[in-house]
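Keep in mind it's a predicted model, so treat the numbers as computed, not measured. Order of appearance sets the numbers: ligands from 1, and atoms from 1 within every ligand.
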Amino acid sequence: MNQVIELLNAHRSIRKFTDRNVEQSTINTLVQAGQSAATSSFIQACTVIQVNDRSKRTSIAEWSGNQSYISDAHTFLVFCADMNRHQISCDMHKADMLSGYTEQFITATVDCALFAQNVAIAAESEGLGIVYIGGLRNKIDLVTETLKLPNLVYPVFGMCIGYPDQDPEVKPRLPLDVILKQDHYDDRDDPSLIAEYDQQVKAYYQNRTGGQKDMSWSEQISGMLQKEARPHMLHFLQSRGFLQK
Ligand SMILES: Cc1cc2nc3c(=O)[nH]c(=O)nc-3n(C[C@H](O)[C@H](O)[C@H](O)COP(=O)(O)O)c2cc1C
């Protein structure tokens, strides 16, 4: 296995950081590595807001469900799907922009995810730890207002970056046979494979929490999917010019 694949396979989210400084030049390098990701039709639809302001960080931490590492991490970035600069480009050429397509929402969001994952890998290759923060979508309207995001820009997720002050175990992933299908979709073996995997996840949680958490993957997922998933999102995105058609 080469070193890049070893690095990828060693990923684990970090939620406790030392107060060691991360140079701005390093952050710039990470964000530039993000820019190198593939981008749908060259749209380059990701904008990154580095949130330095302490009070903004505290508010976002609270809105995200009291995730204190948003305040504690050296760096906090918000990755935004951005079609505003495309509006600017159309205006430059006096062209009417047809916006609001679901397809555009997908491409901008995918661009952002690919960009962010490049940042994550680049950070980990520098010995930094990261955790994504989807929690900021709990109060996406307040985050949008705080970051002064214009129409056609929405915050997809945040990312805490800093030097790790913990060394959690790598979380086991689903068996390859559940994920990689040959020629067509076949889930006949999935129930038994998931049941086996459940035991692995239970052991992982038992070990991580000193026996406190006794939960399998399918239990976790079935619990999660009995709750509503941020039902405000559709209306919010539509109000910002996305998902009109
Ligand atoms: C888009 C996205 C949003 C996430 N949001 C949060 C979050 O708000 N808080 C958090 O602690 N972890 C968050 N995570 C981290 C996941 O919980 C974590 O990646 C997953 O449990 C797998 O664990 P690992 O990263 O340690 O392998 C998020 C991950 C992704 C990809």
Side-chain angles (χ1 to χ4, degrees), residues 5-17 34 37 45-49 51 57-81 105-106 108-125 127-140 142-143 147 154-176 178-179 194 197-198 200-209 213 215-225 227-230 232-233 237:
I5 297 174
E6 272 174 21
L7 178 81
L8 294 171
N9 291 347
H11 160 78
R12 70 274 191 274
S13 293
I14 296 297
R15 298 181 177 84
K16 197 165 183 289
F17 299 93
C46 181
T47 295
V48 182
I49 313 272
V51 187
R57 290 268 287 262
T58 309
S59 298
I60 296 173
E62 192 190 313
W63 297 332
S64 302
N66 294 315
Q67 300 200 53
S68 57
Y69 29 94
I70 296 173
S71 301
D72 300 342
H74 180 276
T75 302
F76 183 62
L77 304 178
V78 177
F79 292 84
C80 304
F105 170 77
I106 292 171
T109 305
V110 169
D111 252 39
C112 234
L114 299 180
F115 187 121
Q117 186 61 11
N118 262 22
V119 172
I121 301 307
E124 290 178 347
S125 77
L128 292 156
I130 67 104
V131 62
Y132 281 91
I133 302 292
L136 57 70
R137 296 194 304 274
N138 289 349
K139 300 276 184 221
I140 195 163
L142 298 178
V143 173
L147 302 181
Y154 88 94
V156 184
F157 42 65
M159 187 186 288
C160 301
I161 304 177
Y163 287 98
D165 196 18
Q166 61 178 181
D167 188 14
E169 214 184 310
V170 168
K171 226 175 188 176
R173 296 301 201 251
L174 282 160
L176 190 62
V178 177
I179 301 294
I194 290 172
Y197 174 63
D198 274 346
Q200 247 183 298
V201 172
K202 267 192 178 209
Y204 161 83
Y205 279 132
Q206 288 267 318
N207 192 32
R208 192 176 98 176
T209 63
K213 185 164 173 176
M215 192 174 280
S216 71
W217 181 77
S218 59
E219 264 178 294
Q220 185 176 331
I221 296 303
S222 59
M224 182 179 87
L225 293 176
K227 294 183 198 136
E228 285 198 303
R230 299 190 181 111
H232 55 271
M233 283 302 297
L237 289 168

Discussion item. Please determine whether a side-chain nitrogen of the Lys or Arg among Arg15 and Asp72 lies less than 4.0 Å from a carboxylate oxygen of the Asp or Glu.
Written reply: no
Worksheet item: Got a sec, which residues hit salt bridge (charged side-chain N to carboxylate O under 4.0 Å, His left out) with Arg173, two or more places apart in sequence or on another chain?
Response: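 For Arg173, no residue satisfies salt bridge (charged side-chain N to carboxylate O under 4.0 Å, His left out) once neighbours in sequence are set aside.
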Worksheet item: Among all residues two or more places apart in sequence or in another chain, which pass the salt bridge (charged side-chain N to carboxylate O under 4.0 Å, His left out) test with Lys16?
Response: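 Expected list: Asp165.
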Discussion item. Does atom CD (Glu228) have a neighbourhood of more than 12 heavy atoms from anything else shown, all under 6.0 Å?
Written reply: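 Open.
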Worksheet entry | Residue contacts for ligand 1, heavy atom to ligand atom, distance under 4.0 Å | His11, Arg12, Ser13, Arg15, Gln67, Tyr69, Val131, Tyr132, Ile133, Gly134, Gly135, Phe157, Lys171, Arg173
Between side-chain atoms of residues 217-225 and protein atoms elsewhere (two or more places apart, or another chain), which donor-acceptor pairs fall under 3.5 Å?
| from | atom 1 | to | atom 2 | distance (Å) |
| --- | --- | --- | --- | --- |
| Ser218 | OG | Asp198 | OD1 | 3.4 |
| Ser218 | OG | Asp198 | OD2 | 2.5 |
| Glu219 | OE1 | Ser216 | N | 3.0 |
| Glu219 | OE1 | Ser216 | OG | 3.2 |
| Gln220 | OE1 | Tyr205 | OH | 2.8 |
| Ser222 | OG | Ser218 | O | 2.9 |
| Ser222 | OG | Glu219 | O | 3.1 |

Discussion item. Please verify the inter-ring angle class for Phe105 with Tyr154; under 30° counts as parallel, over 60° as perpendicular, anything in between as tilted.
Written reply: parallel
